Structures are given as structure tokens and as C-alpha cells.
Amino acid sequence: MAEESAALIRKAGGVAIQAPSMREIPLAENHEAFAFAEELTSGTYDIVICMTGVGTRHLFAAMETQTPLDDLVAAISATCVVARGPKSAVALRGFGVPIAVTVPEPNTWREIIAAIEKSANGRPLDGASVALQEYGVANTRLEQALRERGAKVRTVPVYKWALPADTKPLRDAIAEILARTADLLLVTSATQVRHLLAAAAQDGCEEQLRHALRELAICSIGPVSSESLAELGLPPDFEPARSKLGGFVKEVAAKAADLVDGKREHLRRRAAVVEQTASSAQAPGEEGLNTLDDSPFMLACRRKPVPYTPVWLMRQAGRYMQEYREVRARIPFIELCKRPELAAEVAVTAQRRIGADAAILFSDILLIVEPMGLGLRYVGGEGPSITQTVREGADVERLREVDPFESLAFVADAIRTTRRELAADIPLIGFSGAPFTLASYIVEGGGSKNYVQTKSLMWRDPGAWHAMMETISRSVARYLNMQAEAGAQALQIFDSWVGCLSPDDYRRFVLPHTKAVIDALTPGVPVIHFGTGCPTLLDMQASCGTAVLGADHRVDLDAAFDRYPGIALQGNLDPVVLFSSPPAIVDATARVLASAAGRPGHIFNLGHGILPATPVDSVIALVDAVHELSAN
Ligand code: 1CP
């Protein structure tokens with residue numbers, strides 16, 4: 001419909017840059033499908049997993065160009081056929097294929113594995129030969145889970161669309177977008193945008209293109225492409241009332257000026273906020289009140305006077321809270337992190353319930369290890385467990401640097417959703433693990449007591465250690481910048497386990513990397529550098545260029561304020577105080593506030609996260625006490 005769309009745009013007074021981005025792959029070119037058909041009819045497979053309805057139909061259509069449909073249906077019916085969801089089930093039934101296993105909601109790899117293992121008609125996975133139909137996205141997690149259980153897996157990637165044979169018009173369009181000559185992007189299918197990004201990636205300019213695209217007013221024809229755009233980190237600015245091409249272009253034309261102005265205004269305001277935070281010279285309220293920027297938490301990050309001491313608590317959304325446990329009873333932890341609307345609900349509910357002055361993104365520091373090429377599981381809903389750990393130099397080489405826009409887009413989405421649902425004056429904190437704490441998980445494979453593997457690698461092979469830390473640091477910096485861009489007002493770096501190191505080892509093996517991360521972060525977005533159990537490292541942590549330093553309960557807050565005059569401090573009530581009694585909680589809170597002595601730049605927090613057995617009433621009492629005792 002390129003010509004028709006261009007004509008409509010011109011008719012409405014616009015200039016159309018036409019860039020065909022999709023080529024239909026003829027059915028007869030699907031060689032993967034033919035190879036699969038041959039194996040299928042010769043009885044190679046025990047189990048066939050159909051992931052999507054469209055993909056299943058497309059696979060059959062392609063195979064049918066070479067093999068009679070009856071033979072295909074007979075061959076697949078002789079295997080244990082698994083339908084991932086209702087759509088693939090409908091497609092399979094359409095061909096008359098009996099389904100041995102149907103997978104319950106939410107249809108993730110976990111349910112697929114569990115359904116196969118539970119099914120009476122199912123075959124054991126150990127030693128089974130499994131074919132996995134793919135369409136659009138690879139299912140690495142499922143593939144890995146099948147292999148871990150002893151299955152032989154063959155993926156059958158069958159696609160309908162490829163990049164056009166001639167990509168010159170697409171590349172020309174990319175050049176125009178990069179040169180900022182375009183104002184609006186009209187999207188009628190998400191595949192177009194995927195291909196646009198893929199073409200840019202081939203030319204090594206994907207990141208620049210993403211930046212430029214965020215400056216355009218993005219118009220999406222309907223909810224399906226809007227959802228995919230949001231997943232790609234490019235949420236649309238406009239969607240028409242009806243998903244019809246003519247009406248779409250007409251509505252965009254009518255609103256074009258407003259859309260473009262609105263986007264420019266949004267970018268201008270963002271830049272102003274960043275600048276204002278960076279300079280921190282301006283008194284609040286001078287240039288119109290910015291509720292977020294003038295919230296007590298943000299003022300404290302910049303060491304400005306506050307009406308009362310802001311407080312939030314590490315792990316404020318967690319197992320100590322009934323509301324959280326209810327959500328968790330239904331949904332595995334990783335799924336919860338990957339579903340933006342649920343992650344937002346959990347984060348916002350916790351902030352409101354306890355009355356905290358900031359919310360923290362609901363996620364986990366370990367999600368970044370999956371796109372690095374490692375496996376991640378939370379065993380028994382508790383401690384994390386990582387497979388394919390790094391133990392030596394050769395392992396470091398296969399550690400992948402993360403493109404967060406690609407593989408952690410759900411985090412950006414969770415930030416946008418949470419930001420939308422939070423009150424206008426409640427800042428949202430994004431976060432990541434610090435390079436050392438992440439390295440400790442990547443090497444040990446989980447939590448650790450003595451960090452034997454981590455320290456051994458560090459001392460035995462400093463070259464491999466630094467290479468690993470560099471890969472992690474670059475990934476962390478990009479990840480945090482993505483979070484800031486998605487709408488996080490501040491960024492916390494958790495170095496939870498760094499206290500196991502001597503000052504000399506910290507200086508040699510960790511400090512340069514953490515500093516590199518902080519140096520690479522978007523200027524003007526305050527960074528909170530947190531460690532625990534590491535009072536002897538505090539000077540070096542303070543030297544990394546952070547706006548806010550985490551101080552745990554082992555630190556004398558009064559002395560720390562004097563020692564780091566240019567830095568805000570966050571802390572530092574012992575989390576175990578919350579198990580004592582209401583008067584004892586108030587007393588301990590008053591003591592922490594007294595050691596801060598009303599100096600600007602104090603953010604009240606615990607020394608470490610809220611423990612799971614903490615009574616929620618104690619947490620609420622603590623927040624109230626901070627507000628009441630510190631109010632001017
Ligand atoms: O409100 C919030 O703070 C929730 C968001 C959040 C954050 C900031 C979670 C959810 N995890 C984290 C950070 C995190 N994760 C850290 C740094 C903070 C700290 O030092 O406490 C660390 C070390 C992790 C790793 C991790 N994830 C652990 C520790 C295990 C160990 O001993 O190595 C655990 C238990 C998790 C799982 C997890 N993460 C978050 C929650 C709510 C949970 C529990 C999962 C469940 O519901 O069962």
C-alpha cells in the first residue's frame with residue numbers, strides 16, 4: 001500500500017518519504033520448512049511444539065508446496081503435538097491434527113515444560129527428539145529448558161517477511177531520520193519497524209536511529225502495532241480511532257502540527273529538567289513548579305532544603321507485603337518482572353501502601369544476566385540460580401554485551417507504565433546491580449558465603465577478570481541510561497556483596513569499573529551508589545562521582561556527612577529494628593534523624609532491604625515517624 005499511502009500523505013499537504021521495508025518470502029523459498037517436512041515424514045520427531053497460530057499455518061502452507069497435506073497431517077499426528085496457546089490449537093485443529101498437550105495460561109516456557117511433563121499422553125523429555133516451531137522470535141529460554149531435561153531440539157524458523165532485496169530506499173530513509181528532516185513516522189505494522197532497526201543495525205547505526213526515532217511523533221495504525229512498538233522501546237504518540245489506512249493518514253494529517261509540536265515540547269521540557277538537575281543552581285519554583293523535580297526526594301538528591309526528610313525503603317515491594325504475596329501466588333517471579341502492567345502494579349501499590357516518597361522499579365538485578373547468554377532461575381521462588389556460569393578466561397569470551405533496547409525492552413516498558421501510574425510528585429528510581437555484585441552471581445551461579453570462585457578468578461586471571469568487568473560495566477551503563485530515558489528520575493547501583501573485599505582489592509579490581517559506569521550515565525540524573533557491609537570502602541565508593549551515597553547501619557551517619565560534604569547520603573536504620581516494638585522503632589528513627597541533624601541531602605532508608613518476615617505495620621509506622629519527626 002506504499003503508493004496509496006504516499007498519495008494520501010501528499011493530498012493532505014505532507015511530504016512522503018517512501019521506504020518499502022518488507023518483502024514477502026515466497027512459500028517455495030522456505031527451505032527450513034522443507035527440511036523439517038522430510039524429517040517429520042520419516043518419523044524423526046517424538047514431540048512437535050507449535051508456538052503460534054499464524055506460524056503454524058504458514059509452516060503447513062510452505063511444506064504443502066512440496067509434500068501432500070495428508071502425509072504431513074498423518075506424520076505430525078503420529079507425534080505428541082503440543083499447542084502453546086488457543087491460537088495454535090485452532091490452527092492445528094483446522095488441519096485435523098489431534099492435540100496431545102494444551103498449555104495453560106500464561107503460556108510461557110514454564111507452563112509448556114510443566115504441561116508436557118504432566119500430560120498423560122505426553123512422552124518423557126529425556127532423550128526425546130523435539131521440533132519447535134518459531135515465528136518472529138526465537139525461544140531461547142524454552143530451547144534451553146528442553147535441552148536441560150535431556151531433549152534433542154530442532155527449531156523450525158519459518159518466516160513470511162524479509163528485508164526487501166533492494167534496501168537503498170530504506171537506507172535513504174534512515175539517513176533522513178538521522179538528519180532530523182522527518183517529523184512523523186507512520187507505522188502500519190510492527191515488522192516495518194523491526195526491519196528498519198535491522199537495516200540500521202547492519203550499518204552499525206541502530207542506537208543512533210533509536211535516538212532519532214524518539215524525536216519523531218510516532219503514529220501507529222492500531223493496538224497490535226502499538227504494543228509491538230512499545231516492546232521495541234518506541235511507544236507511539238498517536239493511534240487513530242479506527243485501524244483503517246485512509247482514516248489513519250487523514251487523522252494524522254489533521255493532528256500533525258499538534259503531534260509534532262507536542263513532541264518537541266515534551267523533548268524541550270525533558271532537556272530542561274535534565275539541565276536544571278545538572279546545574280542544581282536554580283531555586284525550586286523559580287521557573288514554574290515542576291512537581292517531580294521539586295519533590296522532597298529529588299531535592300534531597302541535589303542536597304537542597306526539604307520540607308521533611310524523604311524516605312523510601314529498599315525492597316519496599318516484596319514478600320513482607322500481603323498484596324505482593326497475593327500477586328506472587330499466581331505468577332512466577334521472573335514473569336512478574338517481565339509483565340510491565342503487573343510490575344507497575346506491585347511497585348505503585350507498595351509505594352502507596354507505606355506512603356514512601358519515591359517508588360523503585362519492580363525488577364531484579366539479575367535479569368540482565370539472561371541477555372548476557374546465561375540461564376536464570378529462581379529456585380523455589382527464593383534464591384536465584386544461574387547456569388552457564390563464568391569460571392575462566394574462555395567463558396568470559398562468550399559473555400555477551402547487552403543491548404537493553406533489544407533484550408530488556410520490558411524494563412523500559414515497566415518504567416513507562418509505572419511512571420504513568422504513579423502520582424505526579426513521586427519520583428521513580430531505576431536500578432541495576434553494580435559490576436562486582438553482578439560478577440559475583442555470574443561466577444558463583446547464585447548467592448555465596450565466601451565468594452571462592454569469584455575471588456579465585458580475580459586473583460588467578462586478572463586479564464579475564466577485567467575483560468568480564470568491562471563487558472558487564474558497558475552493559476550496565478547502557479541499561480541504566482535506557483531506564484533514565486524511559487522515565488526513571490534517579491538510578492541506584494546496588495553493590496550488595498562488595499563488602500567481602502579488602503580495600504586494596506576493591507581499588508584494583510572494582511573501583512575503575514564502577515567509576516566507568518557512573519561516568520557513562522546521563523548527566524543530570526542523580527545516581528545512588530549503594531553498598532552494604534563495607535564501611536572501609538566508603539571513601540572509594542564516594543570517589544566514583546555519585547550524587548548520593550548509600551550508608552548502611554554500620555556507618556556513623558554524622559561523621560559521614562562531615563566527611564563527604566558534596567554528596568547526599570541515603571540510610572541507615574538497621575532493618576532488624578522493624579522487629580522490635582513501636583516505641584523502639586520511633587526511638588531508633590529519631591536517632592538516625594538526629595545524626596543527620598537536618599543537614600540537606602539526607603534520604604532516609606534502611607541499611608539494607610526489608611526482610612521478608614517484617615510486619616507491614618512496623619514499616620508504615622517507620623515511614624510516618626520519619627515524616628513527623630523531620631517536618632519543619
Ligand atoms: O521494592 C523493591 O526493592 C523490589 C525490587 C527489587 C530490587 C531493587 C527486587 C525484587 N530485587 C532487587 C535488587 C536485588 N536483587 C539485590 C540488591 C538489593 C539487596 O542487596 O538486597 C540483590 C542482591 C538481588 C538478588 C536477589 N533477587 C536475591 C538475593 C538472593 C541471594 O542471597 O543472592 C533474591 C532473593 C532475589 C529475588 C527477588 N528480587 C525481588 C524480590 C521481591 C525477590 C523475591 C522473589 C519472590 O517473590 O519470591
Side-chain angles (χ1 to χ4, degrees), residues 311-338 342-354 356 358-370 376-386 389 411 414-415 418 422 426 428-451 454 476 479-480 483 488 490-500 528-534 550 552-553 570-571 575 605-614 616 619 623:
V311 51
W312 73 278
L313 305 172
M314 289 180 277
R315 296 287 178 98
Q316 65 192 24
R319 279 171 295 172
Y320 79 101
M321 195 175 270
Q322 167 80 19
E323 289 88 335
Y324 174 78
R325 290 196 301 271
E326 278 168 15
V327 177
R328 268 288 280 113
R330 290 185 278 125
I331 295 148
F333 176 64
I334 297 193
E335 295 301 321
L336 185 50
C337 296
K338 291 188 176 175
L342 288 177
E345 180 194 314
V346 169
V348 176
T349 304
Q351 179 272 322
R352 289 200 186 129
R353 177 88 208 273
I354 68 170
I360 183 160
L361 161 74
F362 189 82
S363 185
D364 194 72
I365 60 163
L366 294 172
L367 291 180
I368 198 170
V369 308
E370 276 190 319
L376 172 65
R377 277 189 303 154
Y378 288 84
V379 189
E382 284 247 355
S385 156
I386 291 159
T389 47
V411 174
I415 289 194
T418 311
L422 276 174
I426 299 293
L428 175 60
I429 303 164
F431 70 89
S432 166
F436 175 79
T437 291
L438 288 176
S440 81
Y441 280 104
I442 286 169
V443 176
E444 303 290 338
S448 177
K449 197 156 171 250
N450 293 315
Y451 304 92
T454 311
V476 164
Y479 182 41
L480 286 170
Q483 295 184 36
L491 299 168
Q492 175 148 335
I493 300 175
F494 283 97
D495 216 348
S496 306
W497 311 139
V498 77
C500 71
I528 309 168
H529 185 182
F530 167 81
T532 176
C534 54
D552 79 358
H553 42 284
Q570 175 174 283
N605 207 314
L606 301 175
H608 203 170
I610 301 179
L611 294 161
T614 307
V616 71
V619 176
V623 172

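The model shown is predicted, which means the values in this text are computed figures rather than measured ones. Both ligands and their constituent atoms are indexed starting at 1 by order of listing. All residue numbers refer to positions in the sequence shown, counting from 1.
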Which of the atoms in ligand 1, numbered in the order shown and given with their element, are less than 4.0 Å from a heavy-atom of [X]?
{"X": "H608", "result": "19 (C), 20 (O), 21 (O)"}
{"X": "S496", "result": "17 (C), 18 (C), 19 (C), 20 (O), 23 (C)"}
{"X": "G447", "result": "33 (O)"}
{"X": "W497", "result": "23 (C)"}
{"X": "I360", "result": "1 (O), 2 (C), 3 (O), 8 (C)"}

[X] N/O under 3.5 Å from ligand 1 N/O:
{"X": "A317", "result": "yes"}
{"X": "T437", "result": "no"}
{"X": "Y324", "result": "yes"}
{"X": "Y378", "result": "no"}

*May I ask which of F333, F431, Y441 has a heavy atom nearer to atom 23 (C) of ligand 1 than the others do?*
Y441
*Evaluating non-hydrogen atoms only, which member of R319, M314, R315 is closest to atom 3 (O) of ligand 1?*
R315
*asked:* Do the side chains of R352 and E323 get close enough for a salt bridge, i.e. N-O under 4.0 angstrom?
replied: no
For the student: nearest non-hydrogen atoms of [X] and [Y], plus distance:
{"X": "L336", "Y": "V327", "value": "CD1-CG1, 3.7 Å"}
{"X": "C337", "Y": "D364", "value": "SG-N, 4.3 Å"}
{"X": "H608", "Y": "F530", "value": "CD2-CZ, 4.0 Å"}

*Does some non-hydrogen atom of S363 fall short of 4.0 Å from ligand 1?*
yes
_Strictly distance-based, threshold 3.5 Å: is any side-chain N or O of T614 a donor or acceptor partner for the main-chain N or O of Y320?_
no
_I'd like to know if the side chain of T437 reaches the main chain of W497, judged simply by a donor and an acceptor atom lying under 3.5 Å from each other, with no hydrogens or angles considered._
yes
*Pick one of side chain, backbone, both or neither for how P384 approaches ligand 1, counting any non-hydrogen atom pair under 4.0 Å.*
side chain
*L361 contact mode with ligand 1 (heavy-atom cut-off under 4.0 Å)*: backbone
_Worked check of side-chain contact (heavy atoms from CB on, under 4.5 Å) between Q316 and Y324_ = CA-CA 10 Å; Q316 65 192 24; Y324 174 78; over 6 Å; no
_With side-chain contact (heavy atoms from CB on, under 4.5 Å) as the criterion, how do S448 and V443 come out once you've worked through the C-alpha distance, each side chain's angles and the decisive distance to 0.1 Å?_
CA-CA 10 Å; S448 177; V443 176; over 6 Å; no
*Could you walk me through whether F436 and T454 pass side-chain contact (heavy atoms from CB on, under 4.5 Å), step by step?*
CA-CA 9 Å; F436 175 79; T454 311; 4.0 Å; yes
